[in-house]
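Below is the structure I would like to discuss, written out as structure tokens.
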Amino acid sequence: MNDLLPIVVSGVAQGVPIFVVASGLTLIYGVLHILNFAHGAFFLIGAYVLATQLTSTSLGSFVITVLFAGLVVMLIGMACEFFVFRRLYAAGSQVSFLGAFALFLALQGAAQLVWGDNPRTAQYPADLSGATEILGAFVSVYDVAVMAVGAAVAVGLFLMLNKSSLGSRVRAVAQDRVMATALGIRAPRVSLIVFAIGSFLAGAAGALTAPVTSVDMSLAASYIVPAFVVVIVGGLGSIQGALLAALLLGVMESVLFRYATWMTGFSYYLLVAVILMFRPQGLFGSFSRTTQIAR
Amino acid sequence: MKRSPLLVGATAVALALVAGCGTDEGTASSGGSGGGEGGTVKVGVVLPFSGVQAAIARFEGIGAEVAAKQINDAGGIAGKWKIELVQKDDQLDAARSGSVVRELSSEGVSLAMGGQTTTLCQSLAEATAGAEIAFFGAHCTSKKLIDPPVTDNFWMVSAKDVDLTKALGSYISEEFPDVDQWSVFAYDQEVTRGFWTQTAAEISAQTGNDITAKQEFYVPVGETNYRNQLSSLLSGSQGAKDNSGLFLGVYGAGTTSFIQQAKPLGLLDAYAVIAQTGVYWTTAKALEGTAPSIHNVHEYFWSCQDNEMNKKFVADFEALAGEKPDTGAYQSYVTLNLIAAAIEKADSIDQAAVQEALPGLSIDTPTGLELTMDGDSHHANQPITVANLYGDPSAPQTVGIRDCKTVLADEL
């Protein structure tokens with residue numbers, strides 16, 4: 001048992017950042033039924049905004065810049081929803097997916113034009129530097145902070161979807177857009193709000209990731225693939241499923257690293273293979289066309 | 001119908017941006033005369049100008065541009081031929097080698113350089129062999145490509161990996177003779193695993209101590225989440241710092257991610273020496289003055305030499321790129337200079353005549369040492385430099401370079 005605790009802690013530290021990236025992705029799918037590949041570009045832009053705009057190592061400045069990155073990406077996301085996705089809802093999920101992929105390439109190209117090819121980095125906030133030992137595992141204080149942010153995102157989304165009037169409208173649109181509109185819910189506005197929240201989460205996740213990695217064009221793909229795995233394993237559109245899948249993925253990676261080092265890096269494939277074999281709809285998913293956003 | 005113009009507009013913008021991403025072919029390829037006509041010799045520069053290594057390739061391309069400009073400004077090769085570079089983007093994809101070479105061939109190119117990875121070097125060598133183009137591996141490092149050469153038309157100008165690791169091992173054994181406890185963190189590739197074993201073998205040979213790694217972690221290429229490995233490295237680093245070393249066999253985003261994730265754990269301060277074989281300059285620049293001290297091996301570091309040729313190379317490069325040159329830029333620079341020297345010696349731009357002129361051909365390099373092409377192995381005896389790079393906010397591009405040691409590969 002003593003051996004397992006550090007593995008679990010390391011796994012959670014590894015999995016939560018992926019959940020933060022995946023949360024916006026699964027939220028948008030849950031309501032709009034769009035597998036938003038452009039999420040990777042939103043994430044990338046958030047990371048670049050932090051890496052280029054952060055001017056101080058104070059915690060306050062860092063938090064403000066993360067929020068600013070989220071807002072910048074939120075505006076881009078809203079523009080994408082208004083000018084592109086809104087015109088593709090009726091065309092079906094395949095067309096929407098292709099549209100999202102085109103947007104991904106276009107936004108990535110735009111990011112390259114704006115910020116250039118050279119990789120960039122960001123500094124940790126001074127107050128979150130250093131490391132701590134939790135149950136035998138060495139974890140950076142920054143990772144602990146990101147875990148707290150991940151928990152806050154999960155709780156916040158749960159409350160928003162289940163305990164607010166906006167959540168009621170979101171669930172109504174997610175379950176039957178036509179019926180919700182007939183009942184007086186302004187579905188386009190709800191869609192825009194959901195896209196704004198999802199995009200904000202992508203931008204903030206990118207900004208939170210910037211201090212622990214190289215901010216360059218490869219970043220989008222390196223984080224969006226695990227995020228997609230988490231969304232699929234958790235069940236398309238399920239926030240709870242994404243959280244559980246991200247934690248499973250992180251812990252599985254830690255277990256493989258500890259007991260089967262030669263398989264390190266295969267956890268994504270293993271997890272997807274096992275889950276899809278026994279529960280093709282994902283952990284919290286259903287075969288129904290209607291969403292499981294509130295489940 | 002009312003909305004369709006918006007959709008069309010958005011699509012057009014998206015397509016224009018996408019098209020913009022993939023068109024990095026240089027303007028130098030347009031116009032100009034065919035190879036050999038009108039006093040112009042076309043030289044192909046095949047590099048991944050788009051994709052994840054675009055930043056590295058851009059510097060490499062500029063290195064070739066600097067050499068071409070210097071030669072052309074001096075009146076051309078032997079006063080007869082001006083160089084025209086024809087840049088082609090291989091997108092870091094060996095499967096594109098065939099089409100890239102066909103494009104070069106159709107544009108009258110019979111001399112080409114490039115090769116970012118071992119796979120690309122081999123595929124480009126094979127593709128150019130069929131098209132009767134002499135191909136110069138400017139950035140290839142694998143010993144498997146030479147002696148004998150992978151194809152008769154392939155000439156490798158950059159230093160081979162075993163020489164780089166030998167130089168690094170020799171340097172470490174001289175400067176840090178007490179370090180015998182090593183931890184290894186590298187990409188899970190044959191070549192990067194080899195970097196460690198070759199370096200360790202050289203340290204063992206030089207010091208007489210049997211060097212083995214007390215911890216070894218090999219991660220998949222492209223993975224940037226190292227939390228598990230770092231936690232274990234930290235657990236294993238609880239000992240005397242004076243005799244502990246860390247060998248890094250990752251590069252690019254891998255190095256940056258490792259440093260960024262290791263820094264808050266205090267891991268970077270747990271070793272007497274950190275040694276790396278991959279290019280560190282790019283990462284050190286990106287860290288903006290906070291780069292940890294790492295001993296790095298490559299052909300070239302811009303401030304290690306104080307000679308006129310280097311000063312001119314650095315100044316001309318800076319004028320074009322706005323930054324100091326890295327080792328990739330140097331590799332392209334000396335490769336094009338070697339091609340020019342071979343043309344001058346052959347007094348011809350015919351690829352067969354140029355290749356005949358290569359064995360035994362020597363040129364000066366910005367390192368202050370001569371580079372000589374061997375006719376049997378098809379590999380140049382490159383100068384190799386080991387240096388200590390560290391973050392320094394007051395240094396050009398925030399990277400300090402010190403303790404340089406440059407040697408010729410055959411003197412190792």
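Hydrogens, waters and symmetry mates play no part in the numbers below; they use all other heavy atoms, side chains included. Within every chain, numbering begins at 1; the chains are lettered A, B, ... in the order of the sequence lines, protein sequences first and strands thereafter.
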Would you check if B/R58 and A/N118 make a side-chain contact, meaning some heavy-atom pair closer than 4.5 Å? yes

Determine whether B/T282 and A/P119 make a side-chain contact, defined as any pair of heavy atoms from C-beta on separated by less than 4.5 Å.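 Side-chain contact under 4.5 Å: yes.
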
Which atoms of B/F217 approach chain A - backbone, side chain, both or neither, heavy atom under 4.5 Å: side chain

Output the distance between atom CG (B/L234) and atom OG (A/S140), rounded to the nearest 0.5 Å.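 Spacing of CG (B/L234) from OG (A/S140) equals 11.0 Å.
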
Who wins among B/T283, B/T224, B/T255 for the most heavy-atom pairs under 4.5 Å with chain A? B/T224

Under 4.5 Å heavy-atom distance to chain B, tell me which part of A/P226 shows up: side chain, backbone, both or neither. neither

Please round to the nearest 0.5 Å and tell me the distance separating atom CD of A/E133 and atom OG of B/S235. 7.5 Å

Scored by heavy-atom pairs under 4.5 Å with chain A, the best of B/E288, B/Q229, B/K263 is B/Q229

Top contributor to chain A contacts, counting heavy-atom pairs under 4.5 Å, from B/G266, B/A55, B/A57: B/A55

Distance-only, no hydrogens or angles: does the B/T256 side chain make a donor-acceptor pair with backbone N or O of A/T213 under 3.5 Å?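 Looks like no, no N/O pair under 3.5 Å.
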
With chain A as the partner, which of B/G252, B/S257, B/A262 has the greatest number of non-hydrogen pairs under 4.5 Å?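 Looking at each of B/G252, B/S257, B/A262 in turn, B/S257 comes out on top.
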
Measure distances from A/Y142 to the heavy atoms of chain B and classify the residue's part below 4.5 Å as side chain, backbone, both or neither.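 Neither part.
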
Are B/S232 and A/F138 close enough that some pair of their side-chain heavy atoms sits under 4.5 Å apart?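 In short, these two side chains do not touch, never coming nearer than 4.5 Å.
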
As an exercise, state the distance from CG of B/L230 to OG of A/S10, rounded to the nearest 0.5 Å. 10.0 Å

Heavy-atom pair with the smallest gap, counting every atom of A/V212 and B/Q261: O-NE2, 2.8 Å

Chain B: which of A/E253, A/Q123, A/Q14 shares the most heavy-atom pairs with it under 4.5 Å?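 Highest number of heavy-atom pairs under 4.5 Å: A/Q14.
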
Hey, could you give me the OG1/CD1 distance between A/T121 and B/I259, rounded to the nearest 0.5 Å?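 CD1 of B/I259 is found 9.5 Å from OG1 of A/T121.
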
Any sub-3.5 Å donor-acceptor pair from B/Q260's side-chain atoms to A/A122's backbone N or O?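 Confirmed, B/Q260 side chain pairs with A/A122 backbone.
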
Checking A/F104 against chain B: side chain, backbone, both or neither under 4.5 Å from a heavy atom?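 When you check distances to chain B, no heavy atom of A/F104 falls under 4.5 Å.
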
For A/F266, is it the side chain, the backbone, both, or neither that has a heavy atom closer than 4.5 Å to a heavy atom of chain B? neither

So which part of A/V139 gets closer than 4.5 Å to some heavy atom of chain B, the side chain, the backbone, both or neither?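 Just its backbone gets close to chain B.
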
